[in-house]
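In the text below, chain A, chain B and the rest are named by the order of the sequence lines, each starting its count at 1. Just so you know, these numbers come straight off a predicted model, no measurement behind them.
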Amino acid sequence: MVDYLAILPEIALLVLAAILLLVDIRLKEEGKDTLNWIALFGLVITFVLTILLAQPGEEEVIWGGMLRHDWMAFVFRLVFIAGAAFTVVFSRGWEAIGDRGEFYGLLVLSTLGMTLMGAAGDLVMLLLAIETASIPLYIMAGFSTKDGKSAEAGFKYLLFGAMTSAVMMYGFSLLFGFGGTTDIYALADAIAAGNVPTLPLMTSIILVLVGFGFKISMFPFHFWSPDVYEGAPTPVTGFLSTASKAAGFAVLVRVMLVAFPSVTVEWQTLLAILSAITMTVGNLVALRQTNIKRMLAYSSIGHAGYILMGVAAASSLGVISVVYYIAAYLLTNLAAFGFVAIYYKQTGSDEIEDYAGFSRRSPGLAFAMLFTFLSLGGIPPLGGFFGKLLVFSAAIQADMVWLAVVGVLNAVIALYYYLTVIKFVYLRRQEGDEVPFPVAKSQSLAIIICVLGVTFLGVIMAPMFELAQKVASSFF
Amino acid sequence: MIPLSNYLIVAAGLFSIGLYAVLARKNAIMILMGIELMLNAVNINLVAFWRYLTPENVSGQVFAAMVFVVAAAEVAVGIALIMTVYRRRDTVSADEINLMKW
Amino acid sequence: MELTNLIIWLIPLPPLLAFFFIVLFTNKNNKLSHSIAVGGAGLSFLGAMYVFYQALTTNHFAEHPFGNAITWLNLGDKPFEIGVMIDPLSAIVLFFVAITVLMIFIYSIGYHNYGQPKGDHDKKGFPPHGAAQDGHTVLSIEPMYARFFAFIGLFAFGMFTLVVSDNLLTLFVGWEIMGLCSYLLIGFWFGKDSAKNAAKKAFMTTRVGDVFMLLGISYLFTEAGTLSFKAIFTEEMISHLAHADSYIPGLSVAGLAGILLFIGTVGKSAQFPLHVWLPDAMEGPTPVSAMIHAATMVSAGVYMVIRMFPLLQAGGHGELTTAMTVLAVIGSITALFAATIAVAQNDVKRVLAYSTISQLGFMVAALGIGAYVAAVFHLVTHAFFKALLFLGSGSVIHGMEHGVLHTGNHKVDPQDMYNMGGLSKKMPKTFWTFLIGGFALSGFPLITAGFWSKDEILADAFANGHMGVFWTLAIAAFLTAFYTMRQITLTFLGKARTKEAEHAHETPATMTTPLIVLAIFAIGFGWVGVPEHFPGIGGILPNWFHDFIAHGLPSFIHFETIHFSWTPLITSLVVALGGLLTGWLVYRNATTAENDPIKKLLGPVHTLLKNKYYFDELYDKVLVKPLAVFSEKVVYEFMDRKVIDGFLHKVAELTFSLGTIFREKFDLPVINEFFGDGTAAMTQWFGEKIRKIQSGNIQQYMIIAVLGAFVALFAFWMTLN
Amino acid sequence: MTPLEVIFWIASAVILISAIMMVTRRNLVHAALFLIVTLFGVAVYYVLLEASFLAVVQILVYIGAIAILVIFAVMLTRQVTNPGQLFNKHASLALVMSILVFIGLYLALSVWPEFSAVAPEADTAAAISNLGTAFFVEEDGQPVYLLATMTASVLLLIPLVGAIFVARQKE
């Protein structure tokens with residue numbers, strides 16, 4: 001019974017996907033708005049059900065070891081479902097996707113894959129979960145088939161994803177050979193007992209990291225993300241940059257910490273170096289961008305670098321910082337892409353220059369944007385700040401002061417380009433900026449929730465922090 | 001008897017050939033075919049490991065079967081996306097599909 | 001006790017509520033907005049005074065400071081607590097902050113021309129230009145009047161939070177809120193490019209300090225496991241921190257953390273070499289200058305470093321630690337360096353800006369030589385007289401603007417002191433209060449507060465044998481008196497040098513009343529800290545200040561009472577009076593900026609001073625430009641276009657074309673190829689290759705990914721062997 | 001050499017040579033045919049490794065599905081033969097990289113003690129029936145791979161939805 005209750009969210013998501021796909025067939029063209037509401041309510045209900053019924057209890061290993069029913073799985077489930085729900089809100093009325101049942105169905109299926117990624121305790125399950133999460137995203141990125149850029153985004157995303165996942169699978173096969181088991185938790189002991197030398201083991205780890213690095217857009221596997229983020233429909237980009245990335249981190253944390261304790265120092269060093277390069281590359285290139293989606297893409301590469309810092313720390317505080325950072329980052333980046341989506345729908349432009357006069361057209365939205373960008377930049381007392389603080393502390397605690405210094409310098413650079421956008425929003429004017437800006441009720445509500453959430457995470461951190469502590473306690 | 005190493009070396013070779021197709025062939029369909037080669041290399045590995053190290057346990061074969069599923073799904077979606085791009089741009093050459101850059 | 005603690009918690013709240021109220025509800029109604037803001041500041045003021053009174057009347061207050069804490073985060077075995085604390089240091093800081101903040105709020109009403117009509121052509125983001133009324137032009141009300149009060153409310157909230165905090169984290173929160181507000185307020189007139197740039201500069205420069213401070217905070221937290229002052233400043237903890245080695249050889253954990261935190265102060269309190277933002281910040285409205293540069297933000301930097309004194313002195317056993325030496329050197333350099341610049345400035349506010357940097361340097365240097373009480377004393381007196389001077393200068397500018405509106409000649413800069421002169425008769429209240437403030441700044445003997453605090457710093461430096469610091473500060477003090485008198489002479493004395501100055505007007509009571517109140521403190525506050533051994537009057541009044549503050553330090557830190565000595569006293573008398581006299585003598589007949597007497601005397605050095613030692617230009621050349629070029633050329637063009645793409649080509653060419661090239665170049669007649677078509681062909685061949693460079697190419701991305709994985713593995717393999 | 005070894009060497013040669021042929025063909029239909037040959041070679045491997053179920057799946061399902069899909073794609077995009085260059089401008093580097101990857105994998109694996117292991121005697125017939133049940137049936141009250149099977153079915157649903165979506169675009 002525990003087994004079924006534990007995968008209640010997955011069951012609910014599957015049912016929701018089926019409903020969406022079936023209802024779509026029956027609906028007439030003018031009634032397609034309903035799909036958005038069904039998807040939103042379905043996800044909200046799933047979210048509530050998850051909190052109420054699927055909290056982890058005593059028994060952790062379920063489904064014959066396929067899944068782990070622990071706090072990590074639980075927290076990340078909430079993260080993914082919330083991400084999907086916000087994405088649904090921002091997809092509302094978006095041309096070519098907002099009225100498509102397939103789109104919502106794929107979104108929900110992808111979320112299902114992610115929730116499994118967060119919980120997978122077995123390489124077989126992990127592989128299936130990663131693909132279940134990724135393949136719908138390839139289609140979603142290329143969903144606006146009338147838009148050449150979108151099709152190209154899907155195309156590039158698929159090719160890069162398929163290549164890296166093939167490399168990752170090769171790594172999986174080697175791990176299976178070294179350990180003789182597919183259970184991630186049994187792997188550590190089996191590897192230790194089987195006298196696998198460090199070189200082949202590190203080879204398999206690096207191969208696996210290619211796949212994980214692709215999901216979290218870590219250097220040098222990040223190249224796809226600016227192109228794909230720019231081309232994909234903006235709501236999809238928001239989902240890619242938050243939930244999908246968070247899923248990658250969930251897997252990375254679990255696999256690294258659980259399966260490879262014998263070579264912790266080696267992979268720690270590797271991840272620390274990659275973290276430093278990732279954030280530096282992301283932030284420096286972001287400085288030069290003129291398209292806001294591309295800029296946010298590079299900025300999210302930078303954020304991936306910060307989060308990697310917490311993973312590289314390989315400590316309890318490290319895991320806490322990763323979870324906390326992801327929670328704050330989820331809300332801020334979803335809101336950020338929300339603004340981009342709303343603005344694009346009104347003006348048809350993604351250029352940062354065209355944000356001039358935004359504050360006049362919609363003071364409330366502009367204020368929320370200010371908030372969001374300040375949180376991304378790590379200004380207290382917002383969630384982004386506390387996330388950064390934790391990540392830096394984790395790095396320092398792990399004796400990687402140099403990494404923290406790199407992180408701090410990067411934070412300064414990052415602040416600059418966030419403020420550049422704010423400069424256009426608040427200080428520049430353009431013709432016709434007296435015209436006010438209609439925003440759908442559900443979208444303003446979503447943005448208010450994001451902003452409040454970010455402030456909450458920055459001011460009253462105890463609840464989230466304790467949750468993150470529980471997550472960490474399943475590893476240490 | 002055939003040692004395990006023989007299978008692993010052929011698998012590594014197949015993987016590298018597939019990788020070369022992915023990295024170097026311009027035609028996107030060829031890239032997908034290259035990925036198929038890589039996945040087959042993975043499967044040779046899995047089955048060989050199963051037979052030589054854990055024949056009493058079926059997990060290697062199950063794993064291989066799941067790789068089939070993944071391969072099929074990726075190819076199907078891949079071809080769908082390639083068709084979309086082809087309709088818009090009249091080409092399937094990976095290096096001509098570069099509207100977005102820098 | 002309970003009531004007091006509750007009030008301490010509540011002190012920061014009213015200005016914050018005022019901020020929200022004004023922003024959300026009343027921003028259309030000017031009167032209601034300023035009433036709410038002033039009311040909020042008033043409530044905080046009452047609360048602060050109550051707490052201060054309780055602090056004075058409680059026995060053994062220093063041993064049992066007020067405050068309590070709540071658990072904020074449960075970090076497993078050690079809960080993370082935040083809370084409030086009022087000990088002698090924060091009590092005295094709270095006292096002056098509450099007074100000055102309230103005065104500045106009231107002053108702002110008049111400064112922003114409340115009660116005047118709306119300007120004819122005034123736009124948001126620009127200073128008001130005046131309105132036509134009954135045929136002549138009068139001052140007009142600030143177009144963003146309500147918004148200003150909202151911002152300063154938030155700012156006050158940040159400052160109060162910082163002062164009542166019992167731990168570094170909430171202190172930092174207050175610190176950063178002020179950083180944000182200073183950005184908003186310096187750039188209040190964002191329509192002016194200069195204001196916009198100044199705001200950006202202030203924010204970015206202080207941010208440099210802030211990140212180091214944050215690093216210091218996290219480092220301290222990792223090592224000490226707590227950020228609470230009470231928990232850190234225990235004998236065991238301090239000695240633990242003093243004896244643990246940090247990453248930097250020769251520095252203890254306490255030393256490194258202290259220096260990192262101090263870099264935060266360097267940014268916030270505009271110490272050398274991060275001082276560049278403060279003079280530019282004068283682009284903000286004058287009450288902002290008073291608020292940021294006297295009462296709150298820059299003082300906060302010094303307050304923080306004073307607060308961390310037990311950490312800075314850890315391990316020194318009475319001798320100077322590395323951290324303290326850093327403070328002493330930076331402080332002295334700043335004090336002298338800024339004072340020399342102030343001598344050559346003609347803008348009435350800029351002189352004060354550099355003077356502030358210089359005086360903050362005095363405090364930092366005092367702390368650096370261990371003169372804890374003197375540093376606090378100067379912090380308080382300086383807050384009073386510098387707020388007074390800033391508000392006074394605002395009043396002068398206001399009066400001059402009157403004149404400008406009267407004559408209609410907008411080319412005349414109302415802030416240039418050479419356009420003034422003789423204002424003492426036109427604006428008597430402003431003159432007398434400014435005179436008091438100026439004399440306090442110069443350290444006019446016996447009657448002004450500035451004398452007592454500055455004298456104490458010099459006496460301390462002398463008594464403990466820090467002669468380098470002593471003489472540096474003495475020269476700085478002389479310059480202080482000199483430029484102050486220069487300012488007073490040019491502004492108020494003599495005859496009016498322009499028509500505008502002739503038509504200047506005294507400002508309304510909302511502006512002059514705060515001046516008078518602050519002037520009282522600028523004189524009277526010195527009397528609470530007269531040393532016992534001072535000849536003649538020492539001991540008449542008890543040296544209350546010294547007892548009160550010194551007892552606030554943890555008991556394991558000991559001070560030796562310094563013995564009275566004539567040398568520092570005479571020095572401070574000579575520099576103060578000498579400076580004032582020289583200033584008056586040199587400038588009483590000054591006419592125009594071109595004929596500035598000092599300019600003739602110093603020649604090219606004057607140009608150097610006037611241009612602030614070219615520090616802005618230096619930073620622009622060394623930091624700003626290179627970074628821009630770096631991101632433009634190196635990252636964007638070089639990294640992206642050349643390195644990644646070029647690298648791929650080069651590698652391919654090297655491996656595969658090497659053989660071909662060699663065969664062709666050596667097999668074919670070498671000379672013919674080399675001097676003939678060969679070079680041209682090579683160039684073309686390269687050009688062709690480069691022309692083909694493009695990206696957005698997914699396979700190129702893949703190659704880099706595989707290459708990256710391979711390099712990682714190879715690097716790992718190399719470390720194995 | 002035992003007959004098994006002979007079969008192994010022939011299969012290896014078929015796999016590698018036809019893979020190389022596939023990569024270098026200009027005509028995409030030919031390339032697809034070589035892919036099918038490679039996949040057959042892999043199926044022979046499965047037989048040698050006594051994984052007969054997978055061998056059957058490889059031939060009946062996989063080759064059918066993949067090869068037909070690829071050939072359809074080739075036909076639909078009318079790109080049977082590639083005009084212009086076969087390889088992109090990084091081809092030479094890609095070749096170096098691929099060779100390095102092969103050498104790297106070989107070197108890394110060769111230090112593993114089990115690298116040259118010999119196959120133990122095993123009752124592989126039992127394994128087939130175990131495999132059949134492993135997908136669906138519970139073992140010791142624990143459904144071992146049941147959830148994986150269900151996820152795989154969801155995963156297969158996705159391209160179905162995607163295909164419908166793409167097919168509808170024609171309108």
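- When all heavy atoms of F221(A) and A705(C) are compared, the closest pair comes out as CE2-O, 3.2 Å.
- For V263(A), no part lies near chain C; criterion is any non-hydrogen pair under 4.5 Å.
- R207(C) has its side chain within reach of I379(A): a pair of non-hydrogen atoms, C-beta onward, lies under 4.5 Å apart.
- Heavy-atom contacts from other residues, nucleotides or ligands closer than 6.0 Å to CZ of F20(C) number 12 or fewer.
- The two residues G708(C) and P220(A) have their closest heavy-atom pair at CA-CG, 3.6 Å.
- For the set L274(A), I273(A), L270(A), T198(A), the entry with the most heavy-atom pairs within less than 4.5 Å of chain C is T198(A).
- When T164(A), I205(A), V408(A) are compared by the number of non-hydrogen pairs under 4.5 Å with chain C, V408(A) comes out ahead.
- The most heavy-atom pairs under 4.5 Å with chain A, out of L180(C), L214(C), V173(C), come from L214(C).
- Heavy-atom pairs under 4.5 Å with chain C were tallied for V210(A), T269(A), I460(A), L159(A); the largest tally goes to L159(A).
- With a 4.5 Å cut-off on non-hydrogen atoms, F385(A) touches chain C through its side chain but not through its backbone.
- Here the shortest heavy-atom pairing between I698(C) and K156(A) reads CD1-O, 3.4 Å.
- Residue-environment remark: CZ (F710(C)) exceeds the threshold of 12 foreign heavy atoms within 6.0 Å.
- Under a cut-off of 6.0 angstrom, the local environment of CZ in F188(C) is crowded, with over 12 non-hydrogen atoms contributed by other residues, nucleotides or ligands.
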Fill in: Audit row: L215(C), I396(A), side-chain contact (heavy atoms from CB on, under 4.5 Å) steps and yes/no
CA-CA 9 Å; L215(C) 207 58; I396(A) 292 172; 4.3 Å; yes
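- Residues S218(C) and L389(A) approach most closely at OG-CD1, 4.4 Å, considering heavy atoms.
- Other residues, nucleotides and ligands contribute only 12 or fewer heavy atoms inside 6.0 Å of the CZ atom of F212(C).
- Both the backbone and the side chain of L199(A) come within contact range of chain C, judged by heavy atoms closer than 4.5 Å.
- Once rounded to the nearest 0.5 Å, the distance linking CZ of F716(C) with CD1 of I206(A) reads 7.5 Å.
- At a 4.5 Å heavy-atom cutoff, I217(C) makes no contact with chain A through either its backbone or its side chain.
- By number of non-hydrogen pairs under 4.5 angstrom with chain C, the leading residue of D399(A), V401(A), L409(A) is V401(A).
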Practice prompt. Show your working on side-chain contact (heavy atoms from CB on, under 4.5 Å) between F223(A) and I703(C) and close with a plain yes or no.
Written response: CA-CA 11 Å; F223(A) 288 96; I703(C) 290 179; over 6 Å; no
